[in-house]
Amino acid sequence: MPDTWLSDTRSSYNTDASGYTEKIRGLLGASPYLRASLALFAELVHGAGGGPVVDVGCGPGYVTGHLHDAGVDAFGIDLSPEMIAIARRDYPDLRFEVGTMTDLDLADGSVAGVLAFWSVIHVPDHAMPGVFEQFRRVLRPGGPLLVGFHVGDETRHTSEGYTGRPINVESHQRQPSKVVGWLRAAGFTIEAELVIGPDKDVPGAVIFARSSA
Ligand SMILES: C[S@@+](CC[C@H](N)C(=O)[O-])C[C@H]1O[C@@H](n2cnc3c(N)ncnc32)[C@H](O)[C@@H]1O
């Protein structure tokens, strides 16, 4: 069977870019746990000497903008050109590029931190080791990584976007232990895990890791 997840995910987010942007507006304001996680990540970046930080799968760029406001030299990369167009429109002073986390167009050791907020949820299991190897490759030794994802064991298929138009995208829930295993195999040391909303239908999790020096 052909592996179409990249093209399906790209076209789905292109279709739903404006709907998604409206849907997540105010999300950070409503989540002290996410804001605290980003504040801690910013502190870790500064503590490691600072420098450029990539927000991988940045979507409309509001997390990139939040990090920028926290004093982080953040820029965003996303698979969807429509998402990148919105990010550039809404944050004209920041840098956003189209690209894929499966093959990051960044030099080895060129970033001081990597953030991936609910973007690896679209990456199938077989591609996850390669994605975390990419994160490790571009990250300076000792640099921090923050990954956020849905917790669970299901893969959910979405066929309708927030504006009602047809899309075709899969979202993979994972147990933190599974993500931790992939991270360790890629050369990361785990520093902290936080499960957000464990009583919810689909909790979230953030994992703080560091590229082994
Ligand atoms: C659920 S949204 C999350 C967006 C943003 N990080 C946030 O927290 O709202 C998932 C994003 O990941 C992007 N994405 C999915 N697969 C990707 C890939 N292989 N490389 C880069 N971005 C990807 C999608 O285009 C989409 O913008």
Side-chain angles (χ1 to χ4, degrees), residues 5 9 13 20-21 23-48 53-67 69-70 72 74 76 78 101 113-136 139 142-158 162 169-212:
W5 73 271
T9 304
Y13 274 100
Y20 181 84
T21 303
K23 171 76 182 167
I24 49 82
R25 198 181 291 282
L27 187 137
L28 279 182
S31 177
Y33 300 98
L34 290 182
R35 289 199 309 278
S37 297
L38 292 171
L40 174 54
F41 179 67
E43 184 181 334
L44 295 173
V45 168
H46 294 315
V53 167
V54 61
D55 178 1
V56 180
C58 61
Y62 68 103
V63 175
T64 327
H66 188 87
L67 284 176
D69 291 345
V72 175
D78 200 279
M101 66 177 87
V114 174
L115 172 85
F117 250 28
W118 280 263
S119 51
V120 300
I121 62 171
H122 300 301
V123 179
D125 281 7
H126 71 81
M128 284 299 297
V131 163
F132 285 155
E133 280 161 21
Q134 285 288 304
F135 291 178
R136 167 88 159 90
L139 192 52
L145 165 72
L146 177 57
V147 186
F149 53 96
H150 295 313
V151 176
D153 300 300
E154 290 178 28
T155 289
R156 293 190 176 174
H157 182 258
T158 306
Y162 292 114
V169 65
E170 293 201 325
S171 303
H172 308 281
Q173 303 168 4
R174 272 126 186 177
Q175 295 301 331
S177 57
K178 190 171 185 177
V179 176
V180 160
W182 283 321
L183 287 170
R184 287 195 175 122
F188 287 97
T189 302
I190 309 306
E191 297 201 333
E193 293 176 27
L194 173 67
V195 175
I196 303 167
D199 293 334
K200 288 188 171 171
D201 172 34
V202 183
V206 289
I207 296 179
F208 292 84
R210 200 175 285 272
S211 167
S212 307

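Please read all numbers here as calculations on a predicted model, not as lab measurements.
In this structure a side-chain-to-backbone donor-acceptor pair under 3.5 Å is missing from R174 to V151. Judged purely by atom type and a 3.5 angstrom limit, H122 uses its side chain to pair as donor or acceptor with the backbone of E170. Checked by atom type and distance alone, the side chain of E193 never pairs as donor or acceptor with a backbone atom of I207 at under 3.5 Å. In this structure, T64 contributes its side chain and D55 its backbone to no donor-acceptor pair below 3.5 Å.
Among all heavy-atom pairs drawn from A48 and P144, the shortest one is CB-CD, 4.3 Å. Minimum interatomic distance between V195 and P176 (heavy atoms only, all atoms of both residues): CG2-CG, 4.4 Å. The nearest pair of heavy atoms linking G204 to W118 is CA-CZ2, 4.0 Å. Annotation for D78 and G59: closest pair OD2-N, 2.7 Å, computed over non-hydrogen atoms. Scanning all heavy atoms of the two residues, the minimum distance from S119 to G57 falls at CB-CA, 3.7 Å. The two residues V206 and G148 make their nearest non-hydrogen contact at CG1-CA, 4.0 Å.
By the 4.5 Å heavy-atom criterion applied to side chains, L183 and L145 are counted as neighbours. You'll find the side chain of F188 reaches within 4.5 Å of the side chain of S211, heavy atoms only. Taking 4.5 Å as the limit, some side-chain heavy atom of L38 sits within range of a side-chain heavy atom of F117. At least one side-chain heavy atom of F41 sits less than 4.5 Å from a side-chain heavy atom of V53. Side-chain contact between L194 and S37 is present, with at least one heavy-atom pair separated by less than 4.5 Å. In this structure, E154 and V202 have side chains that are not in contact, with every pair of non-hydrogen atoms separated by 4.5 Å or more. Contact annotation: the side chain of F135 never approaches that of V54 to less than 4.5 Å [non-hydrogen atoms, C-beta and beyond].
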Step-by-step side-chain contact (heavy atoms from CB on, under 4.5 Å) determination, V120 to M101: CA-CA 9 Å; V120 300; M101 66 177 87; 3.9 Å; yes
side-chain contact (heavy atoms from CB on, under 4.5 Å) assessment of R210 paired with L139: CA-CA 9 Å; R210 200 175 285 272; L139 192 52; over 6 Å; no
Test log, rule side-chain contact (heavy atoms from CB on, under 4.5 Å), inputs V179 and F132: CA-CA 10 Å; V179 176; F132 285 155; 4.0 Å; yes
Verdict with reasoning, T155 to Q173, per side-chain contact (heavy atoms from CB on, under 4.5 Å): CA-CA 6 Å; T155 289; Q173 303 168 4; over 6 Å; no
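Residues that satisfy the salt bridge (charged side-chain N to carboxylate O under 4.0 Å, His left out) test with R136, not counting sequence neighbours, are absent from this structure. With sequence neighbours excluded, no residue forms a side-chain hydrogen bond (donor to acceptor under 3.5 Å, both in side chains) with S31. Annotation: salt bridge (charged side-chain N to carboxylate O under 4.0 Å, His left out) contacts of K23 (sequence neighbours excluded): none.
The side chain to side chain contact (heavy atoms under 4.5 Å, CB included) test with V56 is passed by exactly one of V131, V147, V114: V114.
Aromatic rings of H172 and F149 (six-membered ring for Trp) have centroids beyond the 6.0 Å cut-off, not under it. Y13 has its ring centre less than 6.0 Å from the ring centre of Y20.
Surrounding CD of E191 are more than 12 heavy atoms belonging to other residues, nucleotides or ligands, all under 6.0 Å away.
Contact check on R156 versus D201 returns a salt bridge, with a Lys/Arg side-chain nitrogen under 4.0 Å from an Asp/Glu carboxylate oxygen.
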